[in-house]
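Everything quoted here is computed from the prediction, not taken from an experiment. In listed order, ligands and their atoms are each counted from 1.
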Amino acid sequence: MKQHSKISALSCLVCRNRHAWTPQLFVCPDCGGNLLVELRPDALQATGGVWRDPTQTGVWKYAPLLPLETTEGRTPLTVGGTPLLEFREKIPGGPGRLFFKDDSRNPSASFKDRAGAIALAYAVEMNAPRIAGASTGNAGSSMACLAASIGRQATVFVPKTAPRAKLTQLLLYGAAVVRVDGVYDDAFDLCTRVCKERGWFNRNTGANPYTREGKKTVSFELVDQLGEQQPDMVFVSAGDGNIFSGVWKGFRDLLDFGVIQRMPVLVAVQSDKSNAIALAHQRLLDGVPFAEALQPVSATTIADSISVDLPRDGHGALRALEDCGGFALQVSDQEILEAASYLASKTGIFAEPAGACATAGILKYARTKGFKGNETVVSLVTGSGLKDIDSLLKAAPAAIEVPKDYDAAMKILETAL
Ligand SMILES: *Cc1c(COP(=O)(O)O)cnc(C)c1O
Ligand SMILES: [Zn+2]
């Protein structure tokens, strides 16, 4: 059987069984759990031990540690390579140094492009006849965007209630948009079934081990951008938990290949109205067996990108928490909106609610527990505020209303400004 030049095995995040790689193996044949891509110890042989390729841009700079064998399916759009901004201010109780990783600046305006770029390239390598996924928003619009960039069409299953900005992106990118008369879970299940029966590529989070391999590139960039001063803590907003497990996987790979010497503490920040991972982590600490810890909730947060009943990569997130000694934090919707407003007005970064959730976690941690004061901390900003104007308007201050007459207008402005 053909061996993969980068992948040694796919190991189950639930039952821990290891399986030989085959192109179509996406979930554990023993228990149905999510799979983790294990890289071959000699994955860097071809590059003489070098883990990054400075001649490339964005995520392709890290091709040596990506589970791809060709350059065939690469999007020509620039995915990743996003700015890391140091915060000028010192937050009371805050960390020594605080950085914002601005992933709203991806082609379709969210972090999901990292996942999509690598998943799409993998789909092209395996000759998938059609590329599909279920999504309420960013994952779908990202897939549609990236597929369009290489002359392919994505098929995206959406629930009837998909938010307008994201639906508009999908349609303009030319995806085949299948509106399912049901909720996200119905769209997810229908998509999974169709892909299975038809041999289509299924990008669904959790049902596809390669999205995590794209998401891990953010950690490679952080190590690259921070140089000598490696991060002590990274705050990540978590819904399905796939970004979180991806951030962990990136640091794990670098540890395994001897590029870094220690794992940062990773913090999963959730809305208290979509907190399945935080609850599951507490159950694990209370001694509940791993396979039983994750239970669905009824999610109602306004942060639609992290509104999840049953996290599709919850087990990946829990394994990541175990491995890095991290923890989960819960914030209220009000705190998320305040963080979005804080971020926009103090840094110029405009984030959707889910994109500001990690920052809400940092502000809350500073206020309640307090940082030591000498650590380097990163907040991931995962999506653009233009994705969800309606929610953000709730956090917006009022404008100054004036008549068009100069004197009357100035009279008001003199007191207002
Ligand atoms: C998808 C998404 C998240 C959460 O990622 P998960 O893998 O679902 O935990 C956070 N922020 C934004 C903007 C997203 O689109
Ligand atoms: Zn398993």
Quiz item: Can a donor-acceptor pair be found between the side chains of Asp272 and Ser332 at a distance below 3.5 Å?
Solution: no

In this structure, the Zn ion (ligand 2) sits at the vertex of an angle between SG of Cys12 and SG of Cys28 that rounds to 10° as 110°

Within the 4.0 Å heavy-atom cut-off, what Lys112 brings close to ligand 1 is side chain

One finds that the ligand 1 atoms under 4.0 Å from a non-hydrogen atom of Lys215 are 7 (O)

Note: heavy atom closest to atom 5 (O) of ligand 1, options Val269, Ile243, Val308, belongs to Ile243

Run the ring-centre check on Phe371 versus Tyr365 and record whether the distance is less than 6.0 Å. yes

Could you tell me if Asp113 and Asn106 have a donor-acceptor pair between their side chains, going purely by distance under 3.5 Å? no

The protein heavy atom nearest to atom 11 (N) of ligand 1 is Thr382 OG1, 2.7 Å

Item to check | Aromatic centroids of Phe235 and Phe244 separated by under 6.0 Å | outcome: no

Requested in this report: Could you tell me whether the side chains of Ser108 and Gln169 share a donor-acceptor contact shorter than 3.5 Å?
Outcome: no

In the structure I gave you, are the side-chain heavy atoms of Ser391 and Glu352 within less than 4.5 Å of one another anywhere? no

>> Is it true that Gln225 and Lys101 share a donor-acceptor pair across their side chains at a distance under 3.5 Å?
In response: yes

re atom 10 (C) of ligand 1, the protein heavy-atom contact at minimum distance is Ser237 OG, 3.2 Å

The atoms of ligand 1 lying under 4.0 Å from a heavy atom of Asn138, numbered in the order shown, are 13 (C), 14 (C), 15 (O)

Worksheet item: Do the charged groups of Glu38 and Lys6 touch, with an N to O distance under 4.0 Å?
Response: no

Here the atoms of ligand 1 under 4.0 Å from any heavy atom belonging to Gly239 are 4 (C), 6 (P), 8 (O), 9 (O)

Practice problem: Give yes if a backbone or side-chain nitrogen or oxygen of Ala238 is under 3.5 Å from a nitrogen or oxygen of ligand 1, and no if not. | Solution: no

So the atoms of ligand 1 within less than 4.0 Å of a heavy atom of Asn242 turn out to be 6 (P), 7 (O), 9 (O)

Next on the checklist: Checking the N or O distance criterion of under 3.5 Å, is ligand 1 in contact with Thr205?
Outcome noted: no

Per-atom filter on ligand 1: closer than 4.0 angstrom to a heavy atom of Gly241 are 6 (P), 7 (O), 8 (O), 9 (O)

among protein heavy atoms, the one nearest atom 4 (C) of ligand 1 is Ile306 CG2, 3.6 Å

Within 4.0 Å of some non-hydrogen atom of Gly383, the atoms of ligand 1 are 13 (C)

Could you check whether any side-chain N or O of Lys387 sits under 3.5 Å from a backbone N or O of Ala109, counting only pairs where one atom can act as donor and the other as acceptor?
no

Practice prompt. Flag the pair Arg203 / Lys112 as yes when at least one side-chain heavy-atom distance between them is below 4.5 Å, and no otherwise.
Written response: yes

When distances are taken from atom 8 (O) of ligand 1, the protein heavy atom at minimum range is Asp240 N, 2.8 Å

